[in-house]
Every structure is written in structure tokens, then in C-alpha cells.
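Every chain is numbered from 1 and lettered A, B, ... according to where its sequence line falls, protein lines coming before strand lines.
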There are 2 protein chains.
Amino acid sequence: MQMYATSRAQPDLQPIDRRPAQDWGELNVLGVARAFGRDQEIYAEGDKVDGLFKVASGAVRIVRLLRDGRRQVLDFYVPGDIFGVELGDVRGAAAEALVDTTLIVVRGSALAADPATGGRLTRCALRCLQRSQAHLVTLGRRTAAEKVARFLIDLADRTGGADDLALPMSRQDIADFLGLTIETVSRTFSQLQAQGLIAVAGCRAVVLRRRAALAAMCE
Amino acid sequence: MQMYATSRAQPDLQPIDRRPAQDWGELNVLGVARAFGRDQEIYAEGDKVDGLFKVASGAVRIVRLLRDGRRQVLDFYVPGDIFGVELGDVRGAAAEALVDTTLIVVRGSALAADPATGGRLTRCALRCLQRSQAHLVTLGRRTAAEKVARFLIDLADRTGGADDLALPMSRQDIADFLGLTIETVSRTFSQLQAQGLIAVAGCRAVVLRRRAALAAMCE
DNA sequence: CGGGCGGTTGAGGTCAATCAATCAGAGTGG
DNA sequence: CCACTCTGATTGATTGACCTCAACCGCCCG
């Protein structure tokens, strides 16, 4: 079993929000910006729920840990995404910055005061649900290669859509997201590269060479 | 690859809602009751989204199908549960009755007319999200035995909490829910029985003999 | 230059999938 | 009432995808 660091300063990877405003633009007004260092905890499992977050720059992982150390990454969030909406008043999973990250932090009180919150909160929850359910299919019924392909396509779609992709997360994070081991993720990257579908340029950069073929691998 | 039936009359298994009212009791007023036969489709993937459903009796599965026939059951719903809330206006998954089932069907227009809808809709979405994310951990990081144990404990908790359990779903449904094959599910049932943790009485009935031990298997 | 960390690669093992046979129960029809 | 069939479940034998264990590599940093 390996350990998971939870704080160390590192250079940033994704400085700006390149995506079309994902509605709810005035979150920037309701909340305040706050910076987090690489691997810094944003909230922990068990923390009291208060408000939500929008990624301004950087990236975030949501993590659940089992007692014996097994780890599942529930989702990654990139600039423009909103996260932290939960049922009940206790966090069911932790949030951690993948790289140096800036968040718009919106307290529950500020949300409650804003009349436009209601429907948007529902939409936000439903978007999370949609992603979560799509991921259920990936975890339950796809092969390692399909999982990795889907991960890459999804991340590319969500970060500007360009074919060259900066990965803010480690192989371990990807493995824990896809329900694989770090070795299998690594091997799958190599295999996809051998097939000419991607080009791996250093372990944090990937170029999607044949995006259509990759997309075809996952339904 | 096997086929999945979509209609045939069969006796009912769970005639009444035994759970504490899951808030939103007045859905019974907003909507109308409608009966569905075993394996009957409630809505299909691609259908237009209109309103939501509450299970009055019976049970429901939510299903996504991949082109090549692989199937993932996203969730099961039992009496008292609300389902059918989705982002966008197109169904991303199908809903089917597991057994003869009665639903309270609430049209979107009726919902929109009711002022209390807002927060409840959000809570409903968040409850689904919570279940979905818990299931991600199960699919990504648990063994077959742990998956089955968790499935049984969860179902028992949601249907009155008694130790003897009527399964409204087939082995295939369970397999597609847990990301396993029907054979593995069957073997795991046998194995749990051999360990004295459960007693299998016909393929649609299980008794949880050592519930604490079962619960301990899944975190 | 040495050490540490994250990633890659290789060899071998294991758990669940696959392939296949048998079984049990519910209908069906003679 | 008893064959006969059909469907779903169980069990067995074998395979294979992914995991585990281990070595190695490349890079950064002191």
C-alpha cells in the first residue's frame, strides 16, 4: 500500500479558465478566491458541509478512502467546474488540489441569500450525477484500454478540447479514478502509444493523435 | 451475449411501502398511480424527460446499454424511492420494472406548479448522487464478495431492514449492477452461504444470517 | 554524484470471465 | 398427472485480464 501526500508547493499547470462559462457566472461575486498548493486538502471526509467551490485555475480530485487504504477517486474537476454540493451536513469524500489551484469559495450563507440559487443548485447536482453515472458504466463494464481512452477524451473535452493535453494528475490518481493499478495505467498508455492513438510526452503530457479512434473505443 | 426481456406478466413481490416516508409525501397528490408489469419499460434511453416517479410498490432498475450489448444497471429503486430526475431533456438511461410495480407518476408541469418543489428536487438529486458515488467505490475498489455483501446489506437497509430479503431482481440484474458476471454472482452467493453468512432459499430469497459480519466485509 | 520519487517494464500469480454442462422450477400440452 | 420444454441458476474446467512483486529508468534536487 502507498501513502498519499497532502501538501507540498509546486508550479501550476493550468492557469486560466478556458471553458465557456458554465452558467452561474456570478459565483465569482458571491464567493471569494482562495489559493491551494499542490496536494493541499480543500476539505476532508467528515468535515462539515458549508457551501461550494468553483475551480478558477488548477484542478481538484474528490477522494474516498477505505479503511484498508484502498482509494477511489470519484471525479476530477477542472477550471469552470463547480463542486462541493453534497447531501447532509458531513462531507462524504475529501477534496484535494492536484496542482496549485485557485478556487472561488462560496459559503452556504451567501448561497442562501441569493434568490437565483435554487434551480442552479439542482442543475449542478444533476450534472455531477450525470458524470457519476457515466463513470459507473466505465468502472463496471469497460476494459482497461477503454477506461483510459474514455478518461483522456473526457478530460480533453472538458479542458478546451485541444488535442494536446496537460495531465494535472499522477498515474496513481488516474488508476484510483479508473479502478486500475498504476502499472496497468502505465502499460495502457504505452499500448495506446504503440497503436499510434496517443503520444506520451513526459508523464504529464499526452497528445491525442487519433481522437476519433480513441472516442470509438468508448461506445 | 444474452437478451433482455421487456414484458411478461408475473406475480408481485413487494406489495407495500414499508419505509418511513422519504419526505415529499404529497407526491401522491401531485401525481397519478400507474401500474407496470414485470420487465415492462417505464421509459427508454433517449426518451424526452418529463417529470419523475415514486415507487409505490414493486421495484425498478435503471439501465444503460452499450452498443455491443454490455449492460450496466445504474441503480435499483424500491418502494418509497423517487427516481427519474435527470439533467437535460433526454433520458440517459432506461427505467424498467423488475416485477409488477405501481408508480406515482408526476408530470413536469405538476412539479413546476408546486412551490415546494425546488429544494426537494435538489435533495432528491443529491441523494441519487450520494448513492451513485458510493457505488463508484464498490465498482472500482471492491472484490466480488464485498460487492455482493454490500448489495445485500444495502437492499436490506432500504426495504424495511429485516434479515430475510426478497430479491426482486435476477442474477443477471445483480451482475450488471455490480460489474460481474451471472456466474460470479451465483458462486459468490454459494460461497457466502458456505461461510454461514447468508442462507439462500430459492433464487429470489435470501436470509442474512450474520449481518454484522456481512456489513464488516464492506468497510 | 547519490538519493528519492514517479513512472515504466517484466515475470509470475490470481481473481473473475469464459466456455460448457447440469440442474431446478414453472409452464404447457398430451 | 406426467413427460417435455424453456428459462434462469448453479457448478465445473479453463482461460485471460489485470494485479502483484520486483527491477529498472529518468528526472529533479541536494
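Here the CD atom belonging to A/Glu96 is positioned 6.0 Å from the CD atom belonging to A/Glu41, to the nearest 0.5 angstrom. The line from CG of B/Asp50 to OH of B/Tyr43 is 12.0 Å long, rounded to the nearest 0.5 Å. Within the model, atoms CG of A/Asp39 and CZ of A/Arg61 stand 5.0 Å from one another, a figure rounded to the nearest 0.5 Å.
In this structure, CZ of B/Arg171 is placed 14 Å from C1' of D/dT11, rounded to the nearest angstrom. One interatomic measurement links the two molecules: CG of A/Leu139 to C1' of C/dA16, which rounds to 16 Å at whole-angstrom precision. In this entry the distance linking CG of B/Asp39 with C1' of D/dG8 reads 12 Å, nearest Å. The distance between atom CZ of A/Arg204 and atom C1' of C/dC5, rounded to the nearest whole Å, is 12 Å. The distance between atom CD of B/Gln172 and atom P of C/dA17, rounded to the nearest whole Å, is 11 Å. Spacing between atom CZ of B/Arg142 and atom C1' of C/dC15 amounts to 17 Å, rounded to whole angstrom units. In this entry the distance linking CG of A/Asp68 with P of D/dC19 reads 15 Å, nearest Å. Per the geometry, CD belonging to B/Gln193 stands 15 Å off P belonging to D/dA9, to the nearest Å.
Each end of the helix from C/dC1-D/dG30 to C/dG30-D/dC1 gets its own rotation axis from five pairs of C1' atoms, and the angle between them is 20° to the nearest 10 degrees.
Of the residues in residues 178-192 of chain A, those placing a heavy atom less than 4.0 Å from an atom of DNA chain D are A/Gly179, A/Leu180, A/Thr181, A/Glu183, A/Thr184, A/Arg187, in numerical order.
Using a 4.5 Å heavy-atom cutoff, the side chains of A/Met217 and A/Leu197 are in contact. Using a 4.5 Å heavy-atom cutoff, the side chains of A/Val207 and A/Ile198 are not in contact.
In terms of heavy atoms, B/Leu66 sits closest to A/Arg141 at CD1-O, 4.5 Å. Considering all non-hydrogen atoms of both residues, B/Ala125 and A/Ala125 come closest at CB-CB, 4.0 Å.
Ranked by how close their nearest DNA chain C nucleotide is to the 5' end, A/Arg141 and A/Cys203 are led by A/Cys203.
Judged purely by atom type and a 3.5 angstrom limit, B/His135 uses its side chain to pair as donor or acceptor with the backbone of B/Phe177. In terms of modelled atom types and a separation under 3.5 Å, the side chain of B/Arg209 and the main chain of B/Gly196 share no donor-acceptor contact.
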